[in-house]
Amino acid sequence: MKILIDLQSCQSPSHMRGIGRYSLDLALEMITIGSGKHDFHILLNSSLSETILSLRAQFEPLVGRRNIHIFGGVTGVSGIENNIELTQCAEIIREFHIKLIDPDFVHISSFFEGLDNNSVTNIPERGSIPTAVTLYDLIPLINESDYLESPLLKAWYYRKIEQFKRADLFFSISESAKKECLEYLNIDEKKVFNISSSVSNAFLNIDITETESNNILDNLNIIGKYVLYTANLDTRKNITGLFKAYSLVDKEIRDTLKLVIVSHIDEERRLIIEAEAAKAGLHQGELILTGHVSNKELIVLYKRCSLFVFPSLHEGFGLPCLEAMVCGAAVVGSNTTSIPEVIGLEDAMFNPLDPVEMAALIEKALVDNEYYELLLNNSKQRVKMFSWTTTAKKVLERMESFTVSEKLEVSKESKYKQCIDSISDKISKLSKSELKKIANCIDLSMPKERPELLIDITALAESDAKTGIQRVVKSIIEKWFDLSLSHQIRLVYLASDGHYYYAFDYESKYANNQNRDKGYVLPTSGDVFIGLDLVAHAASVTGEIYKKWREFGVFICIVVYDILPIRMPEFFHSGIKDAFPLWGSMIIERADKLLCISESVANDLEEFISSSAVERLLPYTIEHFHLGADFTTPKNVVTESVATELEGLDLSKTFLMVGTIEPRKGHEQVVNAFETLFASRKDYTLLIVGKEGWNTECLVKKLKSHNANTSNVRWLSNCSDDTLQYLYHNCCALIAASYGEGFGLPLIEAAQQNIPVIARDIPVFREVAGDYAYYFDNDNRVDVIATTIRNWLELYEKDEHPKSDNMPWLTWEESSEQLLRCLNIN
Amino acid sequence: MSHKSFYRAFEDKFRGSRALIKNRIKIYLPFILKLKELYPDSSALDIGCGRGEWLELLKDNGISAQGIDLDSGMLDACLELGLDVIQDNGIQYLKEQNDNSIAIVSAFHVVEHISFDDLQVLVEESLRVLKPGGILILETPNPENIKVATEKFYLDPTHIKSIPSELLSFISEFHGFIRTKVVKLNEPKELVNQNCASLMDVLGGTSPDYAVVAQKEADSDILKHFDNVFSQDFGISLVSLAAKFERRLLNVEAKTAETEAKANVAEAKANVAEAKANVAEAKANAAEAKANVAEAKANATEAKANAAEVEMSHILQSRSWRFTKPLRWFGLQVRLIGALGFRARFKSFLVKVIRFFISGAIRFVSTRPKLKAVIWSLIKRSSRLELFTRKFHLDNSSKHEICNATFLTERGKRILNDIKGEK
């Protein structure tokens with residue numbers, strides 16, 4: 001059975017309260033015990049975004065990313081905003097989204113949501129999918145004067161009640177809640193089932209040492225023995241009743257005790273409560289109001305209390321009683337509503353409206369050892385009666401035995417039409433901006449006909465600067481467009497307004513873009529994003545975008561070319577150096593998959609992650625692939641231009657260096673080495689090919705003077721492709737002296753032309769060239785290179801140097817396929 | 001409609017009722033009565049006598065008076081009352097009078113109707129015909145009043161040029177009058193004693209009319225009798241009103257400082273409570289600050305705020321949602337105080353209140369270019385006022401509308417069209 005659990009209660013402010021915890025525990029347990037049999041899906045609301053990622057982190061490992069559905073949540077629909085038409089539209093959109101998911105059963109974990117937030121719950125009047133709701137209590141309905149004084153509140157609650165009544169199954173959390181449901185809502189008894197409750201797993205799995213417990217009590221200013229109650233300040237919690245009763249307890253007993261009340265409280269109410277305590281006859285200092293406490297503190301309070309008293313007048317279940325029992329406390333409590341179901345011992349209960357009776361029981365528990373043992377034993381026994389497994393089983397059994405009428409096949413189009421028609425009916429009451437909001441939410445709620453593979457080509461879309469990264473981007477997308485994939489390939493770019501747009505015009509170079517949308521990009525669940533281009537400068541913007549997209553269920557992948565600006569900041573100018581760490585932190589926080597262009601980069605990245613303080617909620621993986629290379633048939637024709645450029649060089653005795661002149665590339669060390677070699681090996685020349693780059697004024701000056709004089713160092717700042725090809729083919733060796741690279745394309749290019757490679761011993765060169773190169777130590781002393789050249793020449797002259805001929809390398813086709821496999825797309 | 005009856009009708013509508021005018025001009029009686037003591041049989045000449053209120057007042061006080069006016073429509077009213085009037089050019093008539101023959105020459109609201117040359121003749125000739133110690137009264141609209149200078153003066157199409165009091169006194173003294181007194185007239189009486197002035201008071205409250213009362217040379221014993229009346233002060237000046245307005249601002253400022261001081265004490269106390277602010281709220285605030293772009297978050301926060309209002313409405317047991325509007329506002333203020341500190345909120349509240357009062361006046365002014373120019377020069381004297389007005393304009397111009405359509409995808413736009421039933 002396909003079961004959809006609406007977990008908005010874990011998103012709304014309820015997630016801080018018991019209802020949110022209950023919903024979460026029940027859903028987790030249902031999935032844990034029912035996964036083999038059923039297909040579980042989770043429904044969340046896009047507008048309550050704060051909690052989406054943490055819920056995804058909890059549920060994705062259980063049900064998978066694709067089974068978590070985010071419907072477009074319209075904003076401005078909370079009960080207190082009282083915008084009925086807009087609220088109805090939000091309900092229609094949620095309904096539409098559910099119909100697209102097409103489950104066999106919907107379970108709404110908490111129905112009375114959305115009073116003070118944008119949660120949307122509803123059960124349509126007709127033709128809805130079988131729907132179950134959890135019923136916690138009807139306290140506001142039964143105690144109207146306390147809870148529904150405001151007409152707005154009342155109207156809201158009554159509207160929810162009318163919708164609520166349409167459910168097919170009602171899961172009450174206690175027998176008493178079930179009775180209320182039957183009595184006040186007139187629901188058919190056959191539809192209502194008590195599934196009971198249990199203590200939150202999050203609550204139970206906390207380990208606390210003895211010293212920690214002592215410290216916690218010290219911090220709360222609790223010394224010695226105490227009687228405990230945990231409650232909010234609603235009238236029904238009967239705090240005043242407890243004061244009256246407590247003041248009747250024998251003075252001598254009270255002198256050795258404190259009364260501790262755990263409650264979320266502000267200063268004003270604290271004064272009121274303290275005044276009430278004094279009025280009832282409690283002494284100064286006898287009462288301790290802790291205010292809000294953590295779960296850990298609460299557990300300690302339960303464990304160490306002499307007695308837990310629960311004088312509440314009305315409960316849906318009475319979880320604090322059970323929590324206290326789980327922690328081994330002796331418990332006495334009211335004999336009303338659901339509380340007897342939890343306490344289960346006649347002798348441990350009192351009439352909460354009778355202070356004398358309550359006082360007598362408290363006193364008895366504190367002085368009568370035999371009775372106290374009875375209470376402790378009762379707690380142990382009762383705890384066994386409640387478990388999430390039992391509760392979840394009951395839910396699943398009821399759903400399984402529900403007779404489902406046969407599903408009608410309805411096309412997507414007619415579901416859409418139905419949604420649009422229902423909204424069109426209300427159009428006259430809606431403002432323009434509301435209509436836009438609605439359209440946007442429908443858009444978000446509707447997965448695309450074919451999922452999209454969104455490829456970031458931001459820099460390329462702006463201008464083709466022919467940088468290394470842009471060459472990679474072009475090579476890969478060119479290959480991908482040739483394939484027929486499950487996903488539709490869409491090129492996107494980050495515009496200056498901070499939003500992604502389809503690179504529609506650029507796409508037309510590769511594909512016929514009829515039937516493709518232009519404009520603003522709003523990915524939906526199932527789409528995959530790959531940050532193929534490097535957009536390091538806008539990390540704060542893209543970080544927010546990827547977060548949002550990940551909430552929607554988009555798989556976020558980022559290609560990492562290198563993190564050298566982080567590892568070796570001394571080699572980069574401040575613009576890159578400052579931006580990169582931010583980008584690095586952003587991608588490790590936001591990306592599901594980090595795709596590095598070499599294993600070395602992957603290792604560097606891993607090191608960076610372990611040193612970074614970024615916390616990522618969701619799991620991530622780091623994978624690597626290799627870049628491709630274009631194979632060019634050796635060109636051995638000396639054109640006129642080549643001849644002029646290379647005049648006076650004996651290439652068979654020329655070492656080649658290729659790459660922009662910048663400190664990272666290690667030119668200086670090599671040039672200095674050749675200067676010292678000049679004395680002994682005058683016949684060998686170093687030829688540097690590369691444009692002038694950043695921070696190399698000194699070196700460039702030196703190179704220029706070398707060019708002017710007869711020397712064994714030559715610099716070609718501007719070299720045609722033909723000449724470079726010719727050099728690769730005819731030079732005696734390539735020297736790769738860079739201190740850090742993401743990959744090592746020149747090594748492959750040298751290997752293609754079969755000239756030997758002399759490389760700095762850094763991991764990425766080892767990875768690319770393996771045993772097919774001669775390595776020198778990664779050391780910046782001049783004599784290291786000079787010695788290396790001398791030693792290599794000895795080998796070379798004996799033809800015993802490592803040959804590059806068999807160095808393996810990938811074509812772009814192979815590289816792009818490797819990358820595609822990393823994305824799990826085929 | 002003939003010209004005559006037009007001017008009569010105009011006068012009736014804009015100059016004020018006969019009784020009102022007669023009451024206003026009683027201000028000159030102290031001068032007149034002194035003269036009567038001096039010359040018991042004295043006579044008076046009123047140039048441009050109009051409906052004859054002045055003639056009537058003189059007659060009531062036992063002074064024989066003759067009126068001259070070109071407008072026969074006006075004179076009819078005088079004849080009805082049995083006043084001595086002639087239809088003639090006043091200046092011409094004046095020229096025909098003997099030297100030292102008349103005790104009082106007056107011209108109410110005449111000088112703004114005649115050329116500067118005629119004005120000089122009028123003053124010169126008056127001096128000649130007046131008896132020693134005799135008095136010339138020239139009343140005219142007061143351009144010191146900004147509303148008069150920019151608007152009221154132009155109500156009368158026959159007005160030629162408005163004359164500042166300094167010019168009129170100077171002419172009188174230049175031609176030989178021994179002393180002059182500027183009598184500012186007809187201001188709202190309540191303004192005189194009021195301690196503070198509104199902006200509208202500054203603009204329109206200055207005495208709308210004034211007269212130059214000039215006295216012809218005489219023996220010092222005679223002149224001595226008049227020292228008292230000439231040393232009296234009349235009316236309200238623009239400067240004094242502006243000062244009153246300024247004082248009001250200073251008061252507000254002083255009170256702000258006082259309240260601020262109190263707020264600081266309260267704030268210090270509140271800091272203790274603030275420190276205890278619960279973890280969830282702190283987290284929410286941090287998240288809020290961080291994600292100010294996310295619409296969803298903003299809305300969640302709004303909803304939370306609304307929840308607080310509902311709770312508040314609950315506490316106050318309000319009967320209807322409508323009643324909670326001030327509460328909502330209050331709730332917002334409370335939250336803003338919590339977020340920004342009491343001091344900042346109180347300042348912003350104060351600015352709002354002041355802006356509310358000023359904005360109306362500014363709108364009035366900005367639609368009247370001439371008035372605006374005058375106002376600007378005035379306002380620049382008070383830098384604080386300038387600040388407020390600038391700020392007001394700035395606030396108005398900086399309201400952008402956020403366009404949502406740009407953030408709809410193409411499919412989103414198609415959906416929107418489907419909803420609207422458009423293609």
Side-chain angles (χ1 to χ4, degrees), chain A residues 12-13 16 45-50 73 75-82 114-118 147 149-153 264 266-267 291-292 294 416-417 420 423-424 427 430 432-433 435-440 442-444 446 448 497-499 502 516-522 541 544 547-548, chain B residues 270 272-273 276-281 283-284 287-288 290-324 328 401-421:
Chain A
S12 73
M16 309 280 291
N45 182 327
S46 74
S47 76
L48 302 162
S49 64
E50 265 165 273
T75 53
V77 298
S78 67
I80 48 182
E81 277 159 289
N82 200 21
L115 174 63
D116 57 358
N117 63 80
N118 291 318
Y147 291 89
E149 176 98 26
S150 150
L152 180 91
L153 219 61
H264 191 95
D266 55 36
E267 286 308 307
H292 183 77
S294 67
Y416 175 72
K417 194 175 174 299
I420 295 296
I423 286 170
S424 298
I427 189 167
L430 297 165
K432 267 189 183 169
S433 63
L435 286 175
K436 270 179 203 158
K437 220 153 57 170
I438 289 165
N440 185 47
I442 295 176
D443 194 14
L444 182 59
M446 207 163 43
K448 301 197 177 84
D497 68 354
H499 294 282
Y502 289 114
R516 285 161 179 251
D517 280 343
K518 296 182 191 176
Y520 182 60
V521 178
L522 180 72
V541 175
E544 283 305 312
K547 172 169 182 277
K548 196 97 242 162
Chain B
V272 182
K276 289 182 186 168
N278 71 62
V279 180
E281 202 175 332
K283 272 186 190 165
E288 206 176 308
K290 204 164 139 195
N292 55 3
V293 279
E295 193 208 7
K297 275 187 192 176
N299 277 298
T301 312
E302 200 186 332
K304 268 183 212 166
N306 287 339
E309 284 147 28
V310 161
E311 223 172 271
M312 210 182 299
S313 81
H314 211 150
I315 291 163
L316 297 180
Q317 307 203 329
S318 79
R319 292 201 168 270
S320 93
W321 178 240
R322 206 156 37 82
F323 268 128
T324 63
R328 256 180 291 167
E401 239 186 77
I402 294 160
C403 181
N404 286 327
T406 45
F407 300 115
L408 279 184
T409 65
E410 282 199 347
R411 188 171 76 163
K413 287 173 192 162
R414 287 196 295 273
I415 294 169
L416 184 59
N417 286 341
D418 287 348
I419 294 171
K420 289 180 176 166

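The figures that follow rest on heavy atoms only: side chains count, while hydrogens, waters and symmetry mates do not. Quick note on labels: first sequence line is chain A, next is B, and so on, each numbered from 1. Since the model is a prediction, treat every value here as computed from it, not as a measurement.
Side-chain contact between B:I419 and A:L430 is absent, with no heavy-atom pair separated by less than 4.5 Å. Proximity of B:L416 to A:L435: side-chain heavy atoms (C-beta onward) are separated by under 4.5 Å at one or more points.
Looking at A:I442, both its backbone and its side chain come within 4.5 Å of chain B, counting heavy atoms on both sides. Contacts between A:V521 and chain B at a heavy-atom distance below 4.5 Å involve the backbone alone (N, CA, C, O). Neither the backbone nor the side chain of A:Y502 has a heavy atom closer than 4.5 Å to any heavy atom of chain B.
Of all the heavy atoms in B:G412 and A:A439, the pair that sits closest is O-CB, 3.6 Å.
To the nearest 0.5 angstrom, B:R411 atom CZ is 6.5 Å from A:K448 atom NZ. A distance of 14.0 Å separates CD in B:E410 from OH in A:Y520, rounded to the nearest 0.5 Å. Atoms NZ and NZ, on A:K436 and B:K413 in that order, are 10.0 Å from each other to the nearest 0.5 Å.
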Would B:R414 and A:D517 count as a side-chain contact (heavy atoms from CB on, under 4.5 Å) if you check the C-alpha gap in whole Å, the side-chain angles of each, and the deciding distance to 0.1 Å? CA-CA 11 Å; B:R414 287 196 295 273; A:D517 280 343; 3.0 Å; yes

side-chain contact (heavy atoms from CB on, under 4.5 Å), that's the test. Do A:L522 and B:F407 meet it? Break it down for me. CA-CA 9 Å; A:L522 180 72; B:F407 300 115; over 6 Å; no

How far apart are the C-alpha atoms of B:L408 and A:D443, what are their side-chain angles, what is the distance that settles it, and do they pass the side-chain contact (heavy atoms from CB on, under 4.5 Å) test? CA-CA 9 Å; B:L408 279 184; A:D443 194 14; 5.7 Å; no

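With B:I415 as the partner, the side chain to side chain contact (heavy atoms under 4.5 Å, CB included) test is satisfied by one option alone out of A:N440, A:I420, A:I423: A:I420.
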